[in-house]
Trainee: 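Take a look at the following structure, please.
Keep in mind that the numbers below use all heavy atoms, side chains included, and drop hydrogens, waters and symmetry copies. Every chain is numbered from 1 and lettered A, B, ... according to where its sequence line falls, protein lines coming before strand lines.
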Number of protein chains: 2
Amino acid sequence: MADGKGGLGPRGGETLLFLTDDQLRKGIEAMFFAYRGFTADPDRILDEYGYGRAHHRAIHFINRSPGTTVTNLLSILGVTKQSLNRVLRRLIEDGLVEARVGASDRRERNLHLTEEGQALERALSDAQTDRMRRAFRAAGPEAVAGFRAVLEEMMDPEQHRQYHRLSEAGR
Amino acid sequence: MADGKGGLGPRGGETLLFLTDDQLRKGIEAMFFAYRGFTADPDRILDEYGYGRAHHRAIHFINRSPGTTVTNLLSILGVTKQSLNRVLRRLIEDGLVEARVGASDRRERNLHLTEEGQALERALSDAQTDRMRRAFRAAGPEAVAGFRAVLEEMMDPEQHRQYHRLSEAGR
DNA sequence: TGGCAATGTCAACAACGCTGACGTAATCTC
DNA sequence: GAGATTACGTCAGCGTTGTTGACATTGCCA
């Protein structure tokens, strides 16, 4: 077995030829290996600072939405406040992130990257986009559109909303 | 280059219109959110067993290449043997994986899923492919091709080789 | 003033990476 | 046949990052 070229999908019910078990399994493995590549370059940089991916994610989204609150960051990252706080505390201690008391609501903390934080963000971002740029260029514009379309469909609805909200807020 | 889409990128340097900083940043975020969705369903199942993603990966690749050795699995997963051993030991204790002494080389352990292991593999695989099937169906065949093309380009060369080796071995 | 929201923090725990060190059995090489 | 190498297992310890639960503070709001 293990083919599926021709005829119906092997697991009853699937009528579209391109959705064989084999195609789906390859999709799973592609995601696994690609995600490893996707994180490999920033991981090397983070290592030098003694940081991990959690720090990267915090830095990324603070840079993306300067002035964002802790609660908002919490909902984007999908972790507990204790988990985020541990990361945030260190970034603040290290002088990469600044937490300003909210102007309208003084309970809130508006998060910003410092100069140093922005420098690290750029280094991480450059490392990651370099690989993505090469991949996009090699695959071509249409492949990129397909790539994005499939990824969007793969997100949970809530995450999909977050994803689009970021773009709007970006301007 | 060689594009034809015309027009320069907004942030000097990038000559291809579809490779703006914004496109690349969206690509990064799409990967982040999509990977979360990608792992969400199996994670829920694993939780019931007290297993994590490491167990899932081991089960997946043992199922994919029955009889594979520990060393081979190590190179696919890219972790240390101590790390893999902790996971493998528990799967063997729990009766999901069987480690048979190698026939030609008795130092090797040929790994197989038991009936019970196969049952869990199917449950995990079904959960994950359901989402992927819906995403593929919604995005269409051409998007799927693009998706896979970009992911392949994003892998490290070594991982890319592993990825293709799996398909060949599958039959 | 009392209730709720936003935040921070202590403590404990688990999963899963890592390094380093050792031991055993089996195979390979000279 | 002796010695090197390979395959595997395991002990110990450590770090990041996730979790739950509990508690305190501050500030907004009705």
Trainee: Nucleotides 18-25 of chain C: which of its N/O atoms have a protein N/O under 3.5 Å away?
Mentor:
residue : atom : partner : partner atom : Å
dC18(C) : OP2  : T80(B)  : N            : 2.7
dC18(C) : OP2  : T80(B)  : OG1          : 3.0
dG20(C) : N7   : Q82(B)  : NE2          : 3.4
dG20(C) : O6   : Q82(B)  : NE2          : 2.8
dA21(C) : N6   : Q82(B)  : NE2          : 3.4

Trainee: Rounded to the Å, how far apart are D94(B) CG and dA15(C) C1'?
Mentor: 15 Å

Trainee: Sequence neighbours left out, what pairs pass side-chain hydrogen bond (donor to acceptor under 3.5 Å, both in side chains) with at least one residue falling in residues 30-47 of chain A?
Mentor: T39(A)-R53(A), D41(A)-R44(A), D41(A)-R131(A), D43(A)-R53(A)

Trainee: Test of understanding: with side chain to side chain contact (heavy atoms under 4.5 Å, CB included), list the residues that count as partners of R107(B), not counting sequence neighbours.
Mentor: D105(B)

Trainee: Please tabulate, one pair per line, all N/O donor-acceptor pairs under 3.5 Å involving side-chain atoms of residues 94-101 of chain A, not counting sequence neighbours.
Mentor:
residue : atom : partner : partner atom : Å
D94(A)  : OD2  : Y51(A)  : OH           : 2.4
E98(A)  : OE2  : R100(A) : NE           : 3.4
R100(A) : NH1  : H112(A) : NE2          : 3.3

Trainee: Can you list every pair that meets ring pair (Phe, Tyr, Trp, His ring centres under 6.0 Å) and has a residue in residues 123-150 of chain B, with sequence neighbours left out?
Mentor: F136(B)-F147(B)

Trainee: Could you list the residues that satisfy side chain to side chain donor-acceptor pair (under 3.5 Å) with T68(B), not counting sequence neighbours?
Mentor: N72(B)

Trainee: Salt bridge (Lys or Arg N to Asp or Glu O under 4.0 Å) between E158(A) and R161(A): does it pass, once the steps are laid out?
Mentor: CA-CA 5 Å; E158(A) 173 57 27; R161(A) 229 169 299 129; 2.6 Å; yes

Trainee: Can you give me the first and the last nucleotide of DNA chain D (5' to 3') that has an atom within less than 4.0 angstrom of a non-hydrogen atom in chain B?
Mentor: dT6(D) to dC11(D)

Trainee: Contacts to DNA chain D from residues 30-43 of chain B, heavy-atom cutoff under 4.0 Å, which residues?
Mentor: none

Trainee: Not counting sequence neighbours, which residues clear side chain to side chain contact (heavy atoms under 4.5 Å, CB included) with A145(B)? List them please.
Mentor: none

Trainee: Any Lys/Arg nitrogen of R134(B) or D130(B) sitting under 4.0 Å from an Asp/Glu carboxylate oxygen of the other?
Mentor: no

Trainee: Taking CG from N85(B) and P from dG17(C), how many angstroms apart are they, rounded to a whole number?
Mentor: 13 Å

Trainee: With a 4.0 Å cut-off, would you call K26(A) and D22(A) a salt bridge?
Mentor: yes

Trainee: Determine, step by step, whether F33(B) and H160(A) satisfy the side chain to side chain contact (heavy atoms under 4.5 Å, CB included) criterion, reporting the C-alpha distance in whole Å, the side-chain angles of both residues, the deciding distance to 0.1 Å, and the verdict.
Mentor: CA-CA 7 Å; F33(B) 288 118; H160(A) 196 229; over 6 Å; no

Trainee: L84(B) CG to dA15(C) P: how many Å, rounded?
Mentor: 16 Å

Trainee: By nearest nucleotide on DNA chain D, pick out whichever of R90(A) and R109(B) is the more 5' one.
Mentor: R109(B)

Trainee: Identify, residue by residue, the members of residues 44-62 of chain B with a heavy atom below 4.0 Å from DNA chain C, and return them in order of residue number, or none.
Mentor: G50(B), G52(B), R53(B), A54(B), H55(B), R57(B)

Trainee: Measure the acute angle between the ring planes of H56(A) and H60(A), then classify it against the limits of 30° and 60° as parallel, tilted or perpendicular.
Mentor: perpendicular

Trainee: Check side chain to side chain contact (heavy atoms under 4.5 Å, CB included) between E93(B) and all other residues, then give those that pass, not counting sequence neighbours.
Mentor: R89(B), R90(B)

Trainee: Nearest whole Å is fine: how far is dA6(C) P from L111(A) CG?
Mentor: 14 Å

Trainee: With E142(A), which residues qualify under side chain to side chain contact (heavy atoms under 4.5 Å, CB included), at least two apart?
Mentor: none

